[in-house]
Amino acid sequence: MNQNWHATLIRHLLVLISLCLLGGLVSGEYGWSLAIGLALYLGWTLKQLLRLHAWLRNHQPDEAPPDGYGLWGEVFDSIYHLQRRDQRVRGRLQAVIDRVQESTAALRDAVIMLDSDGNLEWWNRAAETLLGLKTPQDGGQPVTNLVRHPRFKEYFEGEHYAEPLEIPSPINDRLRVQLNITRYGNNEHLMLVRDVTRIHQLEQMRKDFVANVSHELRTPLTVIAGYLETLLDNVDDVNPRWARALQQMGQQGARMQTLLNDLLLLAKLEATDYPSDNQPVAVETLLKTVQADAQALSGARGQRISLDVEPGVRLKGSESELRSAFSNLVFNAVKYTQEGGSIRIRWWADAQGAHLTVQDSGPGIEAKHLPRLTERFYRVDSSRASNTGGTGLGLAIVKHVLLRHRGRLEISSVVGHGSTFTCHFPSSQIVTL
Ligand code: ADP
């Protein structure tokens, strides 16, 4: 490269002007001589410009620019260096992208990038084996066309991605996959898919074990409870020392029976995603019977149980499941509220969906317990709960029933003032008369 191109340029211009002046001296026409000199220079400059233009338009990736002279040589060289530097940077970036793509391709988890409309942009090899995506045909396709499970469509369109979704793989029913969606950038989605078949099988084994044990215990317990009942019916014939023991055995037997029934109900709820019967349930009538049962349970404790229902709002689902859930909430309120307390049941619908609230004036629950209340066998105060005869499974049943009806449970409580349990159901579950 000519480092001294400033000096060269000035020298050339001086030579040109001198030649023009010489021409003028010889011909006597200074003006014409200068004009011809400048025109020649302009012509040469234009020619260089055209060469540069032709090279910029048609050059091959590694082709050097044409040789130039003076300032033009400098311009050609600078463009060439700029281009080489650009190529080197691009090469380095490509190497980084290649490494990222190689490592994600080697991942056993599927990584899928979706645009803001949910169309496939990029995915790794594991996405082909776990979800059956085909490269490159599926590029640009909506993901809901390729993963057709109804729960996935609902989950994807619902846009609440805090909890992962578990579904069977679209290409192999025996594979169980867990999907995690994260939003990034301009509402694009990154979807991670993990094979959780093994964990699912272990979970299934646990559920089957509990269900089988509960089922197997039911028959012997029924026999024992039957004999106890007979003995209690004829308590006068029994040695008086045994009367109290028999009574307690009867009570504990009944408790074990409710426990087994609750465990079996939970196992049944866990076996499928949605209830098999999806009829409109008359919530109003259902709540009236629950209120009457709660009043009977309350007995002499004098609690006021009020019911406030928006008529004509029905819910799609299983009547027996909803009855278990609602009565668990209302019976809990009766069990844990002191004598003379009040319990308010409300059922209404608004733009967000339908809601059932069970509000009591009981002792309330400390905030630290609230997130764990729906866990199986979780009790705030085990001594108090065993007095009430609860199984510790009631709220777990409520949570499962709500999940199966696309609903969710919200619990709020102020210690000393009472608790409010609210079931929220989406508008899609409502049938209005
Ligand atoms: P349980 O059969 O023991 O009632 P649940 O799952 O129904 O089991 O409830 C779990 C725990 O939540 C209960 O042991 C109780 O401590 C607490 N709880 C539930 N409902 C209420 C309520 N209305 N007021 C106060 N505590 C409640």
Side-chain angles (χ1 to χ4, degrees), residues 207 210 214 217 221 251-270 287 290-291 293-299 301-308 320-347 355-405 407-424:
K207 287 179 194 166
V210 174
S214 316
L217 284 177
L221 196 64
Q251 270 170 11
Q252 295 302 326
R255 209 172 145 205
M256 272 171 84
Q257 273 178 321
T258 28
L259 186 64
L260 288 185
N261 287 342
D262 279 0
L263 279 172
L264 280 170
L265 175 59
L266 260 179
K268 207 178 99 199
L269 293 176
E270 280 180 336
L287 287 177
V290 172
Q291 184 198 21
D293 293 347
Q295 202 71 66
L297 181 70
S298 171
R301 295 171 65 206
Q303 291 151 325
R304 268 169 293 121
I305 305 174
S306 66
L307 178 63
D308 183 359
S320 62
E321 289 182 17
L322 289 172
R323 181 187 298 277
S324 311
F326 296 168
S327 48
N328 262 311
L329 291 179
V330 178
F331 294 172
N332 269 354
V334 172
K335 280 191 299 189
Y336 297 107
T337 302
Q338 69 286 358
E339 278 186 22
S342 64
I343 293 149
R344 185 167 178 218
I345 310 167
R346 274 190 305 144
W347 168 249
H355 317 270
L356 173 90
T357 296
V358 180
Q359 190 177 8
D360 64 51
S361 63
I365 308 161
E366 271 181 74
K368 67 173 184 204
H369 298 296
L370 297 184
R372 300 195 55 193
L373 278 190
T374 54
E375 284 175 21
R376 278 157 212 225
F377 299 114
Y378 187 84
R379 284 172 176 142
V380 174
D381 175 352
S382 49
S383 58
R384 192 176 52 172
S386 53
N387 289 341
T388 60
T391 59
L393 294 172
L395 291 180
I397 292 175
V398 174
K399 182 177 138 185
H400 265 88
V401 169
L402 293 194
L403 270 179
R404 289 159 66 79
H405 290 80
R408 67 187 169 85
L409 179 67
E410 185 192 325
I411 310 173
S412 62
S413 187
V414 181
V415 176
H417 283 90
S419 317
T420 307
F421 290 75
T422 310
C423 310
H424 299 284

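Just so it is clear, the values below take in all heavy atoms, side chains as well, and ignore hydrogens, waters and symmetry mates. In each ligand, atom 1 is the first atom listed, and ligand 1 is the first ligand listed.
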Query raised in the report: Taking everything shown except K207 itself, do over 12 heavy atoms lie less than 6.0 Å from its NZ?
Result: yes

Requested in this report: State the atoms of ligand 1, each with its element, that fall below the 4.0 Å cut-off from a heavy-atom position in R379.
Outcome: 3 (O), 14 (O)

Report summary line: If we number the atoms of ligand 1 from 1 as shown, the ones under 4.0 Å from a heavy atom of D360 are 22 (C), 23 (N), 24 (N)

Query raised in the report: Would a distance-only check, ignoring hydrogens and angles, find a side-chain to backbone donor-acceptor pair under 3.5 Å from Q303 to I343?
Result: no

Query raised in the report: Can you find an N or O of I365 that's nearer than 3.5 Å to an N or O of ligand 1?
Result: no

**Report entry** Sub-4.0 Å heavy-atom approach of T391 to ligand 1
**Finding:** yes

Query raised in the report: Between L373 and ligand 1, is there a nitrogen or oxygen pair with a distance under 3.5 Å?
Result: no

Query raised in the report: Does the side chain of V398 come within less than 4.5 Å of V401's, by heavy atoms?
Result: no

Query raised in the report: Has the side chain of R376 got a donor or acceptor atom that lies under 3.5 Å from a matching backbone atom of A396?
Result: no

Query - Proximity flag K335 to ligand 1, non-hydrogen atoms under 4.0 Å - result: yes

**Report entry** Residues, nucleotides or ligands: over 12 heavy atoms within 6.0 Å of R301 CZ
**Finding:** yes

Query raised in the report: Between V380, T374, V334, which one has a non-hydrogen atom sitting closest to atom 17 (C) of ligand 1?
Result: V380

Requested in this report: Would you check if the side chain of S298 reaches a backbone N or O of A294 as a donor-acceptor pair within less than 3.5 Å?
Outcome: no

Report summary line: So the side chain to side chain donor-acceptor pair (under 3.5 Å) pairs with at least one residue in residues 410-419 (sequence neighbours excluded) are E410-H424, S413-S419

Query raised in the report: Can you list the atoms of ligand 1 that are under 4.0 Å from a heavy atom of G394?
Result: 5 (P), 6 (O), 7 (O)

**Report entry** Test item: Q338 side-chain N/O and S361 main-chain N/O as donor-acceptor pair under 3.5 Å
**Finding:** yes

Requested in this report: Taking only heavy atoms of Y378 into account, list the atoms of ligand 1 that are under 4.0 Å away from them.
Outcome: 10 (C), 11 (C)

Query raised in the report: What atoms in ligand 1 come closer than 4.0 Å to a heavy atom of G392?
Result: 1 (P), 2 (O), 3 (O), 6 (O), 8 (O)

Report task. Tell me, please: is G362 in heavy-atom contact with ligand 1, that is, under 4.0 Å? Result -> no

